[in-house]
Amino acid sequence: MSSKKYILGNWKMNKNLAEITKFFASFNKHLITNNKIKYGFAPTYLGLGLASNLKKGQTFIIAQDVCEQEEGSYTGQISCKQLKDYKINYAIVGHSETRKFLGCTDQMVNKKVKVCLANKITPIVCIGESLQQYNKHQTKDVLAKQLKTIFNGVDDSKCIVAYEPLWAIGTGKTPTLKEITTICTHLKKFVQHTPILYGGSVNENNAIDIVTLKNVDGLLIGGASLCPDKFNKILKEVNKWTRK
Ligand code: PGA
């Protein structure tokens with residue numbers, strides 16, 4: 001089990017440069033120092049440079065996606081090499097919104113993971129079941145199948161997995177605590193040495209209960225990560241918990 005807790009914010013297509021500046025002006029006032037917590041934010045590609053300049057302390061900056069190709073004729077895409085210019089060492093891959101709106105598949109995620117690792121970028125691999133699959137009790141099988149394709153020919157211990165039920169993203173609904181820990185424990189059978197995060201409607205009120213569950217190594221937070229006070233509150237509680 002990973003001894004660190006990852007608390008990561010996915011800003012999606014939110015915040016322009018002025019808003020990023022405002023965010024860090026507030027967030028940086030209450031930075032915590034704790035080597036048992038790793039925390040960072042994923043702005044859009046256009047915000048990576050500014051966010052990297054404004055971040056302080058332990059905060060690190062994450063890309064929201066990366067192209068599975070090294071370079072070439074891939075209009076609209078960004079390569080690992082280009083992320084490296086901004087000293088980006090983490091990239092989210094296979095987020096459900098890139099699957100839904102940009103046609104990303106498990107096979108593509110497998111390639112993205114490989115290109116990330118070849119460029120010393122840690123991929124944060126998102127997997128999750130649909131509401132229909134959840135209702136049919138297919139979650140465990142769906143996730144196992146995703147992991148099999150995505151980690152084919154890959155050293156998974158160099159990756160991070162984020163379990164994000166599609167029906168929980170941005171909906172205010174979450175699985176029960178028992179379901180989250182059961183699923184994350186199931187995932188550990190396939191990826192023993194890989195940190196497993198939970199994502200989907202995590203907020204400042206439910207974060208501490210989820211992140212302290214057995215076999216949950218952290219959180220991937222969308223909506224609640226946009227507000228510095230909410231994110232700081234989550235970090236403060238996790239900080240307190242790690243020092244108990
Ligand atoms: P949410 O998003 O916290 O707003 O549900 C999570 C995610 O998409 O990673």
Side-chain angles (χ1 to χ4, degrees), residues 5-15 19-20 23 27 38-45 47-48 51 59-66 88 90-106 109 112-113 116 122-131 133-134 139 142-143 146-147 150 159-177 179-180 183-184 187 194-213 216-235 237-238:
K5 294 290 184 189
Y6 290 80
I7 311 293
L8 310 181
N10 175 10
W11 286 350
K12 310 188 177 187
M13 200 176 71
N14 295 293
K15 295 196 189 297
E19 289 160 338
I20 292 175
F23 179 93
F27 180 75
K38 286 183 83 83
Y39 55 91
F41 302 99
T44 67
Y45 290 130
L48 290 176
T59 315
F60 61 92
I61 303 301
I62 306 160
Q64 291 181 15
D65 196 7
V66 68
I88 302 299
Y90 293 83
I92 296 171
V93 292
H95 189 277
S96 77
E97 286 149 18
T98 67
R99 292 171 187 262
K100 184 172 164 193
F101 299 117
L102 301 173
C104 183
T105 62
D106 287 335
V109 180
K112 285 173 193 269
V113 168
C116 280
T122 303
I124 300 161
V125 177
C126 299
I127 55 171
E129 82 285 3
S130 68
L131 183 59
Q133 290 163 335
Y134 172 78
T139 302
V142 168
L143 300 179
Q146 286 191 313
L147 287 181
I150 292 171
C159 306
I160 295 172
V161 166
Y163 166 51
E164 301 206 300
L166 308 192
W167 53 274
I169 296 176
T171 58
K173 293 189 191 122
T174 61
T176 63
L177 295 176
E179 284 173 318
I180 295 174
I183 294 300
C184 292
L187 296 176
T194 312
I196 304 201
L197 321 186
Y198 169 80
S201 294
V202 174
N203 58 43
E204 69 283 16
N205 300 317
N206 62 16
I208 192 70
D209 290 338
I210 298 174
V211 79
T212 52
L213 289 169
V216 174
D217 301 307
L219 304 168
L220 182 55
I221 308 173
S225 74
L226 295 169
C227 169
D229 291 346
K230 290 183 185 175
F231 201 86
N232 271 322
K233 180 171 182 251
I234 295 170
L235 283 180
E237 288 183 354
V238 180

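Hydrogens, waters and symmetry mates play no part in the numbers below; they use all other heavy atoms, side chains included. Just follow the structure's listing: the first ligand is 1, and inside any ligand the first atom is 1.
The aromatic rings of W167 and Y134 sit tilted relative to each other, their planes meeting at an angle between 30° and 60°. Using cut-offs of 30° and 60° on the angle between ring planes, the pair F41 and F231 is tilted.
Paired with Y90 under the rule ring pair (Phe, Tyr, Trp, His ring centres under 6.0 Å), one option of F60, Y39, Y6 passes, and it is F60. When each of V216, I210, I208 is paired with T212, the side chain to side chain contact (heavy atoms under 4.5 Å, CB included) condition holds for I208 and for no other.
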Go ahead and list the nitrogen or oxygen contacts between ligand 1 and the protein that come in under 3.5 Å, distances to 0.1 Å, or just say none.
residue	atom	partner	partner atom	Å
ligand 1	2 (O)	K12	NZ	3.2
ligand 1	3 (O)	G222	N	2.8
ligand 1	4 (O)	G223	N	2.9
ligand 1	5 (O)	G170	N	2.7
ligand 1	5 (O)	S201	N	2.8
ligand 1	8 (O)	K12	NZ	2.6
ligand 1	8 (O)	H95	NE2	2.7
ligand 1	9 (O)	H95	NE2	3.3
ligand 1	9 (O)	E164	OE1	3.3
ligand 1	9 (O)	E164	OE2	2.7

Verdict with reasoning, I127 to L187, per side chain to side chain contact (heavy atoms under 4.5 Å, CB included): CA-CA 11 Å; I127 55 171; L187 296 176; 4.1 Å; yes
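Around the NZ atom of K230, the shell of radius 6.0 Å holds no more than 12 heavy atoms that belong to other residues, nucleotides or ligands.
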